[in-house]
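Working notes, structure below.
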Amino acid sequence: MPPTALGEGTERRPGETLRASSVSRSYEGVQALQDVTLELRRHEVVGLIGPNGAGKSTLVNVMTGFDFPSSGTVELAGREITGWSSHRRARAGLTRTFQHSRSFAGLPVRENVEVAALGVGAGPREARRRADGLLDLLGLSAKADVRADTLAHGDERRLGVARVLATEPSFVLMDEPAAGLSEAEVPDFAEVVRSVRDDHRAGVLLIDHNMALVMGVCDRIHVLDQGRTLAAGRPDEIRGNLDVAAAYLGETAVAAPDA
């Protein structure tokens with residue numbers, strides 16, 4: 001990528017690994033995370049699953065700078081970033097999506113994506129180029145001039161991914177991106193996740209309750225339960241893990257075939 005693509009003075013480096021080490025987080029005596037270690041490499045999708053309240057969103061918040069750990073560290077490409085703000089992390093290539101849309105409701109779809117690119121230092125022409133390419137990739141080109149607040153739910157989710165990819169990240173953390181999608185929409189969204197890994201060469205941490213999506217796209221899966229790591233491994237290992245089944249998946253979900 002040319003140095004000018006993100007503007008001068010940015011802190012982006014071509015890091016290969018994002019790592020949370022021995023992270024704990026407590027709130028007024030409530031232990032949300034307890035000694036959790038998770039590593040995400042570029043060019044892979046890692047699933048982060050667990051029951052409601054297991055600490056998944058808390059871990060994502062800590063890794064992306066929207067919260068800070070009570071103890072433990074976060075490293076990007078071997079550099080500790082535990083105290084960095086979310087904005088500084090985004091400019092270094094660490095971005096996220098949210099459970100609820102954070103698009104600019106009154107702006108057209110294309111401008112929403114352009115704003116994201118401009119926010120990390122891209123010039124107007126580069127921002128337009130990124131936006132047009134991403135809308136084509138995500139099947140939103142026909143809606144480029146439509147206001148964001150008129151989008152169907154599935155298209156709104158795709159717009160959220162386009163906005164993140166416009167920053168040209170090294171790592172994307174997705175917090176329940178398939179929530180609210182119909183079963184018919186999930187396979188198309190799975191291709192979007194694969195594209196982030198394969199075409200954009202970014203590492204993806206995927207939180208979602210849709211096991212067909214998680215088992216189908218993830219290279220590895222990390223399971224949290226009550227703020228602790230319960231299991232970690234390949235999808236087939238997690239599918240057959242009886243502790244995971246008892247804590248979260250249920251027998252039917254464990255036996256579900258790959259997407």
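Keep in mind that what you see is a predicted model, and the values were worked out from it rather than measured. As a basis for the values below, the full set of heavy atoms in this structure was taken, side chains included, without hydrogen atoms, waters or symmetry mates.
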Who pairs with [X] by side-chain hydrogen bond (donor to acceptor under 3.5 Å, both in side chains), at least two apart in sequence or on another chain?
X      : answer
Ser24  : none
Ser22  : Asp35
Asp236 : Arg234
Thr37  : none

Would you say that [X] contacts [Y] through its side chain, given a criterion of any heavy-atom pair below 4.5 Å between the two side chains?
X      : Y      : answer
Met174 : Val193 : yes
Glu126 : Arg130 : yes
Arg158 : Asp155 : yes

Would His43 and Asp198 satisfy side-chain hydrogen bond (donor to acceptor under 3.5 Å, both in side chains), going step by step from the backbone distance to the final call?
CA-CA 6 Å; His43 319 145; Asp198 299 337; over 6 Å; no
Report yes or no: do Thr17 and Arg19 form a side-chain donor-acceptor pair below 3.5 Å?
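There is no such pair between these side chains.
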Short side-chain donor-acceptor distance under 3.5 Å, Asn61 and Arg25:
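Per modelled atom types, Arg25 and Asn61 side chains form no pair under 3.5 Å.
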Intermediate values then yes/no, side chain to side chain contact (heavy atoms under 4.5 Å, CB included), Leu18 and Arg41
CA-CA 6 Å; Leu18 171 66; Arg41 297 182 293 271; over 6 Å; no
Flag this pair as yes if the NZ/CZ of Arg157 is under 6.0 angstrom from the six-membered ring centre of Phe189 and inside a 45 degree cone about the axis; otherwise no.
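No, Arg157 does not lie over the aromatic ring of Phe189.
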Kindly write out the residues that satisfy side-chain contact (heavy atoms from CB on, under 4.5 Å) with Asp219, not counting sequence neighbours, or none if the list is empty.
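Asp219 satisfies side-chain contact (heavy atoms from CB on, under 4.5 Å) with Glu44, Val45, Arg197 once adjacent residues are dropped.
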Do you know which two heavy atoms are closest between Arg163 and Asn112, and how far apart they sit?
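The pair with the smallest heavy-atom distance is NH1-O, 2.9 Å.
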For Phe104, which fellow cluster members are found when Ile, Leu, Val, Met, Phe, Trp and Tyr are connected by side-chain heavy-atom distances below 4.5 angstrom, either directly or through intermediates?
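Traced through the cluster, Phe104 reaches Leu107, Val115.
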